[in-house]
Amino acid sequence: LNLTEGVAEHMGRYIPYAILDKLEHGQDGHLAELRDVSVLFVNIIGVNLAADGRERLDEVVRLGQTLMLEVQRTLYHHEGSINKLLVDDKGLSFLCALGLPPMHHFDDAVRAVGAALDVRENVKRLGHGIHA
């Protein structure tokens, strides 16, 4: 990859860390790869993140951040990551993955089940229902 340092610096914020690390170490031969990953869909039900006005905005932001951080903390504990977040009339949904570079393990499917059980318990503790 023949880029000036300025262009590479600006592009770096749009490239996943695992790929950027390989590029910085001159390993640009096999960046695309097929691998098994475990996908976890999490849907937190009964969450209304619509701010009706300015007075409810702080409450909505705090609730969204609290739930996001709890799911993220739990997934990171199992060495997984959140890939997507969706807010709609069905609640707050997360698409999570275990087995993405650089955190892949032979037991990612088992880790995904453990993460689902932990997310369910941790979110219930916060007072919300969940489908995982």
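Counting from 1, the numbers follow the sequence of the chain as shown. Just so you know, these numbers use all the heavy atoms, side chains as well, and skip hydrogens, waters and symmetry mates.
Summarising the geometry, atom CD1 belonging to I44 is positioned 4.5 Å from atom CG belonging to L67; distances are rounded to the nearest 0.5 Å.
Residues that satisfy the side-chain hydrogen bond (donor to acceptor under 3.5 Å, both in side chains) test with E59, not counting sequence neighbours, are absent from this structure. With sequence neighbours left out, R62 forms a salt bridge (Lys or Arg N to Asp or Glu O under 4.0 Å) with no residue at all. Residues passing the side-chain contact (heavy atoms from CB on, under 4.5 Å) test with H105 are E79, M103, D107, D108, R111, sequence neighbours excluded. A search for side-chain contact (heavy atoms from CB on, under 4.5 Å) contacts involving D88 returns L86, K90, not counting sequence neighbours. For N83, the side-chain hydrogen bond (donor to acceptor under 3.5 Å, both in side chains) test picks out no residue, with sequence neighbours left out.
Considering L117, V123, D118 in turn, D118 is the only one that fulfils the side-chain contact (heavy atoms from CB on, under 4.5 Å) rule with T74.
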Using a 3.5 Å cut-off and no angle test, enumerate the donor-acceptor pairs between side-chain atoms of residues 93-101 and protein atoms at least two apart in sequence or in another chain.
{"residue": "S93", "atom": "OG", "partner": "N43", "partner atom": "ND2", "Å": "2.6"}

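Using a 4.5 Å heavy-atom cutoff, the side chains of I82 and V42 are not in contact. Residues L126 and N122 have side chains not in contact (no heavy-atom distance under 4.5 Å, counting atoms from C-beta outward). The shortest side-chain heavy-atom distance between H128 and L63 falls under the 4.5 Å cut-off.
For the salt bridge (Lys or Arg N to Asp or Glu O under 4.0 Å) condition, the pairs that include at least one residue of residues 68-77, sequence neighbours left out, are E70-R73, E70-R125.
Both V37 and F41 are assigned to one and the same hydrophobic cluster, defined by single-linkage of ILVMFWY side chains at heavy-atom distances under 4.5 Å.
Heavy-atom neighbours of H77 NE2 from other residues, nucleotides or ligands within 6.0 Å: at or below the threshold of 12.
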